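Read the numbers this way: they start at 1 and go in the same order the structure lists the ligands and their atoms. The analysis underlying the following values was restricted to heavy atoms, covering all of them including side chains, and did not include hydrogens, waters or symmetry mates. For this chain, numbers begin at 1 and follow the sequence in order. Keep in mind that this is a model prediction, so the values were computed, not measured.
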Amino acid sequence: MMEQDIQEILFSQAALERRVKELAGELRRDYAHKAPLVVGILRGSFVFMADLVRHLDFPLTLDFMAASSYHGAQSSGKVNIQLDLHDDIAGRDVLLVEDILDTGNTLSKLVAELRSRNPASLKLCVLLDKPDRRTQPIQADYVGFTIPDAFVVGYGLDYEQQYRNLPYIGVLKPSVYQG
Ligand code: 5GP
């Protein structure tokens, strides 16, 4: 069973629910009259995004993107967009939703690409932030939890595409990747 691979639960289902609700409160204050475009970054954000938007009670539209950095690319390298937005974002208030901000490599490039499309505003909402790991000058505007440098899974986050369906966020036992 998946549970046997988890060393420690960092955020229970109840804790996640509480914090997501609080974040939604912040977003309601900032976006209630803006009809934003909420953009989920696949695949890790899908659970967070689904919970978050159900606590937003104002008009908004949704879209998704998938991106990766080119392997071995310099930080100046372009982001590889595997799935792009359906519509032009010029003049729109765009809120990017991501599972975790780690080194910031992928997100900083994605943000630069989206800024070049001239949105009215572009903000970043992440469930988890690992500031100790950052190599790029990027910060999130909304953060669920700040965590230390540990590899976490669940609530959308994977290890080799598994564990995304765990309802909580936990630290994976090292024996799982040491195999
Ligand atoms: P960055 O470009 O910020 O280094 O990488 C962000 C991506 O790396 C996240 O979207 C996520 O896919 C992956 N990632 C970084 N840290 C973790 C972690 O602790 N657990 C999991 N499952 N993925 C992580």
Side-chain angles (χ1 to χ4, degrees), residues 1-13 15-16 19-20 23 37-53 62-85 94-116 122-179:
M1 294 302 291
M2 286 189 297
E3 293 220 344
Q4 294 167 347
D5 297 341
I6 302 301
Q7 177 170 290
E8 179 197 357
I9 294 180
L10 279 190
F11 305 110
S12 67
Q13 194 168 1
L16 288 165
R19 186 64 190 127
V20 169
L23 277 178
L37 172 64
V38 181
V39 176
I41 313 297
L42 295 175
R43 286 171 253 186
S45 72
F46 84 106
V47 179
F48 176 40
M49 173 100 159
D51 283 348
L52 187 66
V53 297
L62 287 182
D63 207 344
F64 295 92
M65 290 186 92
S68 62
S69 294
Y70 288 114
H71 289 288
Q74 302 299 309
S75 58
S76 59
K78 267 181 83 98
V79 65
N80 178 22
I81 295 180
Q82 292 149 342
L83 174 71
D84 206 342
L85 298 172
V94 177
L95 179 67
L96 275 182
V97 176
E98 175 63 304
D99 53 356
I100 187 164
L101 182 53
D102 188 37
T103 65
N105 281 334
T106 308
L107 268 178
S108 60
K109 288 177 203 163
L110 192 59
V111 164
E113 163 63 29
L114 292 179
R115 281 206 195 288
S116 76
L122 179 62
K123 287 191 177 185
L124 178 59
C125 175
V126 298
L127 179 65
L128 303 174
D129 187 10
K130 282 198 225 174
D132 296 348
R133 294 257 308 160
R134 201 82 85 254
T135 60
Q136 303 296 320
I138 179 172
Q139 280 184 358
D141 301 282
Y142 306 90
V143 175
F145 299 99
T146 300
I147 61 169
D149 179 15
F151 193 80
V152 295
V153 295
Y155 199 70
L157 290 122
D158 75 306
Y159 172 65
E160 295 194 337
Q161 298 307 327
Q162 296 199 61
Y163 307 101
R164 292 193 196 274
N165 53 322
L166 284 175
Y168 52 81
I169 289 179
V171 178
L172 206 55
K173 284 182 184 166
S175 59
V176 176
Y177 25 89
Q178 284 157 10

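- D129 contributes no side-chain N or O that, together with a main-chain N or O of T146, makes up a donor-acceptor pair within less than 3.5 Å.
- Contacts between L128 and ligand 1 below 4.0 angstrom, taking non-hydrogen atoms only, are absent altogether.
- The shortest heavy-atom distance from K130 to ligand 1 is under 4.0 Å.
- Contact annotation: F151 has at least one heavy atom less than 4.0 Å from an atom of ligand 1.
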Notebook entry, point to check: Going through the distances and angles, do R164 and L157 end up as a side chain to side chain contact (heavy atoms under 4.5 Å, CB included)?
Noted result: CA-CA 5 Å; R164 292 193 196 274; L157 290 122; 5.8 Å; no
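- Comparing heavy-atom distances from atom 2 (O) of ligand 1 across L42, T106, D149 singles out T106 as nearest.
- Listed for the R19 side chain is a donor-acceptor partner under 3.5 Å among the backbone atoms of V143.
- Scored by the side chain to side chain contact (heavy atoms under 4.5 Å, CB included) test, V111 finds L96, R115, L122, I138 as partners (sequence neighbours excluded).
- Heavy atoms of S45 stay at 4.0 angstrom or farther from ligand 1.
- Here's the thing with D102: one of its N/O atoms is less than 3.5 angstrom from an N/O atom of ligand 1.
- Side-chain contact annotation: Q161 with R43, donor-acceptor N/O pair under 3.5 Å present.
- One option in V153, I138, D158, L107 has a heavy atom closer to atom 22 (N) of ligand 1 than any other, and that option is D158.
- Checked by distance only, ligand 1 and V152 come closer than 3.5 Å through their nitrogen or oxygen atoms.
- Using modelled atom types, one side-chain atom of S12 and one backbone atom of A15 make a donor-acceptor pair closer than 3.5 Å.
- There is a side-chain donor-acceptor pair under 3.5 Å between Y155 and D51.
- When the options I100, N105, D129, T103 are ranked by their closest heavy atom to atom 14 (N) of ligand 1, first place goes to I100.
- Annotation: side chain of L172 is in contact with side chain of I6 (closest heavy-atom distance under 4.5 Å).
- Looking at ligand 1, you'll find an N or O of G104 within less than 3.5 Å of one of its N or O atoms.
- Close approach of ligand 1 to A150 is summarised as follows: ligand atoms under 4.0 Å from at least one heavy atom of the residue are 19 (O).
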